[in-house]
Amino acid sequence: MTLMLLDSASLWYRAYYGMPDTLLSPTGMPVNAIRGYLDMTARLIGMYSPNRIVACIEGDWRPSWRVDIFPAYKANRLEDESDEEEEPETLSPQIPVLLDLLDAFGIPMLGVDDYEADDVMATFAVKEKGPIRVVTGDRDLFQLVDDKRDVKVVYLARGVSQHDLVDIKWVSEKYGIPGDRYALFAMFRGDPSDGLPGVRGIGEKGAALIANHFATVDEALAGAKGEHEALTKSLAKKIIDGADYLKIAPTLVQCAKDVAIPQMDIAMPKKPDDLSHIYQMKDEYGLGASVDRLISALGW
């Protein structure tokens, strides 16, 4: 009973930049993100044969409770001084059409106010039974990997055909850390794409060393103050100097796992009696074989 969780924004951005912008609707509207999203979803369903699926979307890409404690959170992505994310102008019009199409297919979708899609996926990952496959191009979600519960990340950085199936061993070999400590490692290293600085002066090597010897931020701080043998004086000083940031880092970096998920049917959609609406959208937006591939993947 595999559950597939789609990090929708990650997928449509990858589709937008990975598919040619010459893919247009009959009226000239770009549809590369729509077609790419449908194509990727169809291929992934074919590869993993999920019994359950949720397309997770952003309720809020900068949740107030994260911004309140760290105003710079994702501020690097803001469009001028507004609170809107800077988004390619030819991508924005495609997203409502894509969401309407997913709705027409009956694919369950969920975004929760004041939470990111990551938080929604994390909550599903701890509340639902495995196997669970989290589909994303975002390494932040490596923190969800759990071999005991069979939670793995389908990591699309190299595309669908060359994607990595990330488990505890993969994380361990990639970063040289215990595979269940990715979030701790990320707290110290930082993530420029989210506007998170990490601890000043600590890069990937220092963060890996810390993650190899301590399981929590509090343990690392105690080790630094207690002159733990694994820490040089310089590294210990950096940890202590970063204490204020480290107080809020877990809230910023760790996905929330207690999002209020409404009662919803997340089973794979059954074939509707009438496909005319889907075919109408296919023709209206010139989606061609991309719609056909998803229909086929769903076994309709």
message: Quick check: do Val31 and Leu287 have side-chain heavy atoms less than 4.5 Å from each other?
response: yes
query: So, Asp274 versus Ser276: side-chain donor-acceptor pair below 3.5 Å or not?
result: yes
message: Looking only at the side chains, is there a donor atom on one of Asp180 and Gln143 sitting less than 3.5 Å from an acceptor on the other?
response: no
- request: Determine, step by step, whether Val160 and Met47 satisfy the side chain to side chain contact (heavy atoms under 4.5 Å, CB included) criterion, reporting the C-alpha distance in whole Å, the side-chain angles of both residues, the deciding distance to 0.1 Å, and the verdict.
  value: CA-CA 10 Å; Val160 174; Met47 290 175 179; 3.7 Å; yes
field: Atom of Gly137, atom of Ser10 and distance for their closest heavy-atom approach
entry: N-OG, 2.8 Å
- prompt: Atom CZ of Arg149 and atom NZ of Lys129: how far apart are they, to the nearest 0.5 Å?
  reply: 10.5 Å
query: When hydrophobic residues are tied together by side-chain contacts of less than 4.5 Å, even through go-betweens, does Val112 share a cluster with Ile266?
result: yes
message: Measuring only between side-chain heavy atoms, which start at C-beta, is Lys237 closer than 4.5 Å to Thr232?
response: no
task: Look only at the side chain of Lys152 and the backbone of Val166, and say whether a donor-acceptor pair between them is shorter than 3.5 Å.
output: no
task: Can you measure from NZ (Lys247) to CG (Leu221) and round to the nearest 0.5 angstrom?
output: 9.5 Å
- request: Work out which heavy atom in Asn212 is nearest to a heavy atom in Pro178; give both atom names and the distance.
  value: OD1-CD, 3.5 Å
- prompt: Glu116 side chain to Glu58 main-chain N or O, any donor-acceptor pair under 3.5 Å?
  reply: no
Cluster overlap Leu3 with Leu165, hydrophobic side-chain contacts below 4.5 Å: no
- prompt: Does one hydrophobic cluster hold both Val153 and Val120, with members joined at side-chain heavy-atom distances below 4.5 Å?
  reply: yes
message: Checking Asp140 against Asp118 for the side chain to side chain contact (heavy atoms under 4.5 Å, CB included) test, could you report, in this order, the C-alpha distance in whole Å, the side-chain angles of both residues, the deciding distance, and whether it holds?
response: CA-CA 8 Å; Asp140 291 353; Asp118 288 11; 4.1 Å; yes
query: Same cluster or not: are Ile202 and Ile177 linked, directly or through other Ile, Leu, Val, Met, Phe, Trp or Tyr residues, by side-chain heavy atoms under 4.5 angstrom apart?
result: no
field: Audit row: Trp65, Phe70, ring pair (Phe, Tyr, Trp, His ring centres under 6.0 Å) steps and yes/no
entry: CA-CA 9 Å; Trp65 48 277; Phe70 191 69; over 10 Å; no
- prompt: If you take all heavy atoms of Ala220 and Phe214, which pair is closest and at what distance?
  reply: CA-CG, 3.7 Å
- prompt: side chain to side chain donor-acceptor pair (under 3.5 Å) with Asp119: which of Lys257, Arg66, Gln254?
  reply: Arg66
- prompt: How long is the span from the CD1 atom in Ile34 to the CG atom in Leu23, to the nearest 0.5 Å?
  reply: 10.5 Å
- request: Look at the side chain of Arg14 and the backbone N and O of Ala157, then say whether any donor-acceptor pair between them is shorter than 3.5 Å.
  value: yes
message: Classify the ring geometry of Tyr48 against His163: parallel below 30°, tilted from 30° to 60°, perpendicular beyond 60°.
response: tilted
field: Thr27 and Ser25 side chains, donor-acceptor separation under 3.5 Å
entry: yes
field: Atom pair CD1/CD of Ile210 and Glu219 - distance to nearest 0.5 Å
entry: 12.5 Å
message: Are Leu298 and Lys271 packed together at the side-chain level, in the sense that at least one heavy-atom pair is separated by less than 4.5 angstrom?
response: no
field: Trp170 and Tyr155 aromatic ring geometry - parallel, tilted or perpendicular at 30°/60° bounds
entry: perpendicular
field: Neighbour count >12 (heavy atoms, 6.0 Å) for atom CZ, Arg158
entry: yes
- prompt: Is there a donor-acceptor pair under 3.5 Å between the side chain of Thr123 and the backbone N or O of Val259?
  reply: yes
task: Quick one: do Arg139 and Tyr182 satisfy side chain to side chain contact (heavy atoms under 4.5 Å, CB included)? Show the steps, please.
output: CA-CA 9 Å; Arg139 60 185 181 174; Tyr182 182 84; 3.4 Å; yes
query: Under a 4.5 Å cut-off applied to non-hydrogen side-chain atoms, are Val151 and Val126 in contact?
result: no
message: Checking the side chain of Asn76 only, and the main-chain atoms of Ser193 only, is there a donor and an acceptor separated by less than 3.5 Å?
response: yes
- request: State the OH-CG distance between Tyr37 and Leu98, to the nearest 0.5 angstrom.
  value: 6.0 Å
query: Would a 4.5 Å heavy-atom cut-off, applied to side chains only, mark Phe188 and Leu209 as touching?
result: no
task: Would you please classify the geometry between the Phe142 ring and the Tyr175 ring as parallel, tilted or perpendicular, with 30° and 60° separating the classes?
output: tilted
query: Distance only, no hydrogens: is a donor on one side chain within 3.5 Å (strictly under) of an acceptor on the other, for Asp114 and Ser64?
result: yes
message: Could you report the tightest heavy-atom contact between Pro20 and Asn32, atom names first, then the distance?
response: O-CB, 3.2 Å
Linked, directly or transitively: Phe185 and Ile248 (ILVMFWY side chains, under 4.5 Å): no
message: So Val145 and Asp147, do their side chains get closer than 4.5 Å, heavy atoms only?
response: yes
Test item: Asp7 side-chain N/O and Val135 main-chain N/O as donor-acceptor pair under 3.5 Å: no
- prompt: Within the distance-only criterion (no hydrogens, no angle test), does the side chain of Gln94 pair as donor or acceptor with the backbone N or O of Thr90 below 3.5 angstrom?
  reply: yes
message: When you compare the side chain of Pro108 with that of Arg52, does any pair of heavy atoms fall below 4.5 Å?
response: no
- request: Indicate whether the side chain of Ser290 and that of Asp39 have a donor and an acceptor atom separated by less than 3.5 Å.
  value: yes
- request: Compare every heavy atom of Leu235 with every heavy atom of Gly206, then report the nearest pair and how far apart it is.
  value: O-CD2, 4.4 Å
task: Show your reasoning for whether side chain to side chain contact (heavy atoms under 4.5 Å, CB included) applies to Trp12 and Tyr16.
output: CA-CA 6 Å; Trp12 66 55; Tyr16 177 79; over 6 Å; no
field: Expected output: side-chain Arg189 to main-chain Gly203 donor-acceptor under 3.5 Å
entry: no
query: Are Arg77 and Asp194 within salt-bridge range, i.e. N to O under 4.0 Å?
result: yes
- request: Ignoring hydrogens and angles, tell me if any N or O in the side chain of Arg133 forms a donor-acceptor pair with the backbone of Leu6 under 3.5 Å.
  value: no
- prompt: Got Trp300 and Phe105 here, is their nearest side-chain heavy-atom distance under 4.5 Å?
  reply: yes
message: How long is the straight-line distance from CG of Asp146 back to CD1 of Ile168, given to the nearest 0.5 Å?
response: 6.5 Å
message: If we ignore hydrogens and angles and just use 3.5 Å, is the side chain of Arg35 paired with the main-chain N or O of Ala15 as donor and acceptor?
response: no
field: Non-hydrogen atoms of Arg62 and Tyr73 that approach each other most closely
entry: NE-O, 2.7 Å
